[in-house]
Number of protein chains: 2
Amino acid sequence: MTMSNTGGRRKPPTIHDVAREAGVSRGTVSRVLNGGHYVSPSAAEAVNSAIRKTGYVVNRHARSLITGRSDSIGFLLTEPQEKLFEDPNFNVLLRGCTQALASHDIPLLLMLAGTEDERRRLTRYITAGHVDGVLLVSSHSADPVAEELREAGVPLVQCGKPMGRGSKVSYVAADDRDGARDMVRHLLSLGRRRIGVVTGPLDSPGGVDRLAGYKEVLTEAGIEIDERLIVSGDYGRASGQAGAEQLLARVPDMDAVFVASDLMAQGALTALRRAGRRVPEDVSLGGFDDSAAATEATPALTTIRQPYDRISNEMVRVLLAQIGGEDPAAVILPTELVRREST
Amino acid sequence: MTMSNTGGRRKPPTIHDVAREAGVSRGTVSRVLNGGHYVSPSAAEAVNSAIRKTGYVVNRHARSLITGRSDSIGFLLTEPQEKLFEDPNFNVLLRGCTQALASHDIPLLLMLAGTEDERRRLTRYITAGHVDGVLLVSSHSADPVAEELREAGVPLVQCGKPMGRGSKVSYVAADDRDGARDMVRHLLSLGRRRIGVVTGPLDSPGGVDRLAGYKEVLTEAGIEIDERLIVSGDYGRASGQAGAEQLLARVPDMDAVFVASDLMAQGALTALRRAGRRVPEDVSLGGFDDSAAATEATPALTTIRQPYDRISNEMVRVLLAQIGGEDPAAVILPTELVRREST
DNA sequence: TTCTCTACTGTGAACGCTCACAGACGCAGT
DNA sequence: ACTGCGTCTGTGAGCGTTCACAGTAGAGAA
């Protein structure tokens, strides 16, 4: 009584089979499948049990062919992927997007556009309508791909604030400026006054905004901005170490550092330790991201938590809305100060 | 003279448009698209330039509808995803598979089956023929999903050796036994004789094989197996720490440990340090995986490199072969000893 | 010439679905 | 009775491809 059916895929049932089984027409089955309006309760019941009995699953290709939708979306990465894949936050984002989409029964296509060739290939693929929309993760905040897709009319949501001010592309981002403000305020509340900063890349809005928040709070507190206490990095561990070394050389009695990423903060930790500074006794150290690096470091890093789980949900929500015809939207989500051992 | 076309996706050209442009029939265009046999050079040239001119991209839905293939494959994760996504090796694998598939112009669908519901939904999706095959990553080495898909006749390649001996499912794995042998031989060559081992889970082939390699080499070297020197872990950091503590308690003069994952080795490092042992002076420590954890640890870990870049390529190769009608295959790839500071 | 073979090309039909339309039915208002 | 309306249902057409088949042209053999 087993139906092992080992090997050789059997032809799946079609909407026709279901219709015959339920004693109705294709049209009625289709109506039940898509919302179920204008169909009598008895017919709906018959169709549903026929679906269960036959194990019917809609053929998305046939559906897409006529609707023009593909009911799938692309998760596009346009940058050096080694770096990104190492970033725990990126992984949270990818996982979150996949799950958020899954709850809408929409598959996610992973697209990596490292080289120029791949970029071209994927742009073609996307503009040909093989996905309904794109979730874009790009470290370049003024990515040409974003503009190209937008011009082609492809619904698009970017992770992080894009650089171009005028460009009408949707995005979801954490509130970098406010996060930085919280951190610097926290350092001030500890009695620190000579607070250094290692910024992110200053050609990205994230880098700029975090620095702006730092400056604002100090100015509000009546502390003059000391340019010797400002160095810029690239979010990578090495640049954090170099940055902290530079700061210490310039201002040996610095009593706190705000480092614009946890990875850089790890590097800064190494530099501080080598220079004989104790953290947090001599120097308070604040990071940004609340990545795995923050808890793995010793001492564990006080940092600013970016709500990547919410970011992914919002990206999906905004994208689906845009696919549904709504206008592009910008969403900025609040950050949260997470206190640990480094301050 | 710009054709900005902002917003509103234009209807893409069809094979019909190309045919008209080239002055040939649909059939000829289709033949050019699929291999180009039985088509005259002049016609092929005309079609190709028409394709370039119109910017034609094949509609995969229409193609799939008739061929029955979907020309896409699924990357299925059946286990606690938080853990896996943290694993750098997993990320290499995902990236490698995506790229290997991209070179065949095949999109990868990311599928996460954490809950029972998702598992059912995805099984339906897969068996309905929405993907041509599945790359499966599962920590359970005897995953019921694997068996279910195999029975449904879905081409499938698993990452890592599956548990069931008889089951005819394709897999690609590193040579765990041989890697373990290399490591233990290395420890012996350093003059170590009281070598402990923290194994992986012993209900998985990887865990079993690494322990087997350890035992083999010791036996070959004429050293008796001491059960007090064997504890088992679960590949996680915490279990490595606990394992090393247990070993030290049982055999205080242990002079080396082979730990079956780098993450566990990090934990073991902490335990050894707390117990006042210097690494590598007092105790040589060998890991497994060559993950990021290995280089981040201080001292950097000597470990066994699993060739995840090659594994991903092989998984794709074997899967495509199987889709093409070939029989399931098992591929075992050689590992490599990477010497760093911990031995 | 005629026949055969090879190389090439065009033409329905079909894949499984949705959509627009037309029709049927019951019920209320005129 | 007729008309109108809202609810429900079936039918044909068509989405863009590939595939099988039929057909043409030219070359070479008989």
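Heavy-atom basis, side chains included; hydrogens, waters and symmetry copies ignored. The sequence lines fix the lettering, A, B, ..., with proteins before strands; numbering per chain opens at 1. Every value quoted in this text rests on a predicted model; they were computed, and no experiment measured them.
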Task: Listed once per pair and sorted, the ring pair (Phe, Tyr, Trp, His ring centres under 6.0 Å) pairs that draw on residues 18-54 of chain A, sequence neighbours left out - done: none
TODO: For A/Thr127 and A/Thr123, indicate whether the former's side chain and the latter's backbone hold a donor-acceptor pair under 3.5 Å.
DONE: yes
- [ ] Please identify each residue that fulfils side chain to side chain contact (heavy atoms under 4.5 Å, CB included) with B/Thr14, with sequence neighbours left out.
- [x] B/His16, B/Asp17
For residues 52-59 of chain A, please give each side-chain donor-acceptor pair under 3.5 Å, one per line with the distance, not counting sequence neighbours.
residue, atom, partner, partner atom, Å
A/Lys53, NZ, A/Glu21, OE2, 2.9
A/Thr54, OG1, A/Ala50, O, 2.8
A/Thr54, OG1, A/Ile51, O, 3.4
A/Thr54, OG1, A/Tyr56, N, 3.4
A/Asn59, OD1, A/His61, N, 2.8
A/Asn59, OD1, A/Ala62, N, 3.1

Open item on the list: I need the residues from residues 39-54 of chain A with at least one non-hydrogen atom less than 4.0 Å from DNA chain C; give them sorted by number, or say none.
Closed with: none
Task: Outermost DNA chain D nucleotides near chain A [under 4.0 Å, heavy atoms] - done: D/dT7 to D/dG16
- [ ] Nearest 0.5 Å please: distance from the CG atom of B/Asp105 over to the CZ atom of B/Arg60.
- [x] 5.0 Å
Task: Donor-acceptor pair between A/Gln322 and A/Ser170 side chains, under 3.5 angstrom - done: yes
Please write out the pairs of protein N or O atoms and N or O atoms of nucleotides 25-27 of chain C separated by less than 3.5 Å, giving the distance to one decimal.
none

Task: For B/Leu76, the option from B/Val131, B/Val137, B/Val145, B/Leu110 that meets side chain to side chain contact (heavy atoms under 4.5 Å, CB included) - done: B/Val145
Task: Partner residues of A/Arg317 under the side-chain hydrogen bond (donor to acceptor under 3.5 Å, both in side chains) criterion, sequence neighbours left out - done: A/Glu314
Task: Contact state string [nucleotides 13-23 of chain C, B base, S sugar-phosphate only, - no protein heavy atom under 4.0 Å] - done: BBBBSB-----
Open item on the list: To the nearest 0.5 Å, what is the distance between SG on B/Cys159 and CE on B/Met315?
Closed with: 5.0 Å
Open item on the list: Show the nearest heavy-atom pair for residues A/Leu333 and A/Arg310, with the distance to one decimal.
Closed with: CD2-NH2, 3.4 Å
- [ ] Five pairs at each end of the helix from C/dT1-D/dA30 to C/dT30-D/dA1: take the axis at both ends and give me the angle between them to 10°.
- [x] 60°
TODO: Measure the spacing between CG of A/Leu94 and CG of A/Leu135 and express it to the nearest 0.5 Å.
DONE: 10.0 Å
Task: By side-chain hydrogen bond (donor to acceptor under 3.5 Å, both in side chains) - contacts of A/Asp71 (at least two apart) - done: A/Arg69
Open item on the list: Taking the side chain as everything from C-beta on, heavy atoms only, tell me whether A/Ile73 gets closer than 4.5 Å to A/Leu109.
Closed with: no
Open item on the list: List the residues meeting side-chain hydrogen bond (donor to acceptor under 3.5 Å, both in side chains) with A/Asp327, not counting sequence neighbours, and say none if there are none.
Closed with: none
Open item on the list: Going by side-chain hydrogen bond (donor to acceptor under 3.5 Å, both in side chains), name the residues that satisfy it together with A/Ser72, two or more places apart in sequence or in a different chain.
Closed with: A/Ser70
